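Structure record follows, encoded as C-alpha cells.
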Amino acid sequence: EFREKQMLMQDKQRDLQMLMDGPDWPREDWTLSTDDAKDVGEAERIIQANMQQMNQRIEPLGGLGRLHESEDREALELIAVLTEMISCYCDL
C-alpha cells in the first residue's frame, strides 16, 4: 500500500506540473491561490523529510522489501504515518 500511495503522489505532482507548464498558465479559472501553492510546497517538504528519515531507518533492515521481516515496530509505524500523509496530500 505504501508504494501505491507513493506512486499516486508522484502522479498528482506530475499532473499539477503539467498544468503549470501548459500554454494557458496562469489561467483565470485556476482554483489555487499563492497560499495554496505554499501549503502544497510545505506538505511536499514535510513528506520528503519523513521519507529520508524512513529510508535511513529501514536501509539497515534491508529496505522496504525486507521491512516486514524485521521486528522494528517504530519503522512500521513511521511507514503507516507516511502513507497517511501521502494520502492526505493526494486529497488536496
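Only a predicted model underlies this, so the values are computations on that prediction, with no experimental measurement involved.
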* Apply salt bridge (Lys or Arg N to Asp or Glu O under 4.0 Å) to R3 and list each qualifying residue two or more places apart in sequence or on a separate chain. => none
* To do: Would you name the heavy atoms of L82 and I47 that are closest together and state the gap between them?
  => CD1-O, 3.9 Å
* In one Ile/Leu/Val/Met/Phe/Trp/Tyr side-chain cluster, 4.5 Å: M7, M85 -> no
* Asked: How many angstroms lie between CG in L8 and CD in Q13, if you round to the nearest 0.5 Å?
  -> 10.0 Å
* Structure fact -> Rounded to the nearest 0.5 angstrom, the CD-CG distance for E69 and L61 is 10.5 Å
* Structure fact -> For Q56, the side chain to side chain contact (heavy atoms under 4.5 Å, CB included) test, sequence neighbours excluded, returns none
* Structure fact -> residues 55-65 vs salt bridge (Lys or Arg N to Asp or Glu O under 4.0 Å), sequence neighbours excluded, gives R57-D72, R57-E74
* To do: Identify whether F2 and M9 are in the same connected component of the hydrophobic contact network (ILVMFWY, side-chain heavy atoms under 4.5 Å).
  => yes
* **CD on E4 to CD1 on I86, rounded to 0.5 Å** => 11.5 Å
* Which residues satisfy the side chain to side chain donor-acceptor pair (under 3.5 Å) test with E42, sequence neighbours excluded? -> R45
* **Set of side chain to side chain contact (heavy atoms under 4.5 Å, CB included) partners for L78, sequence neighbours left out** => N50, Q53, M54
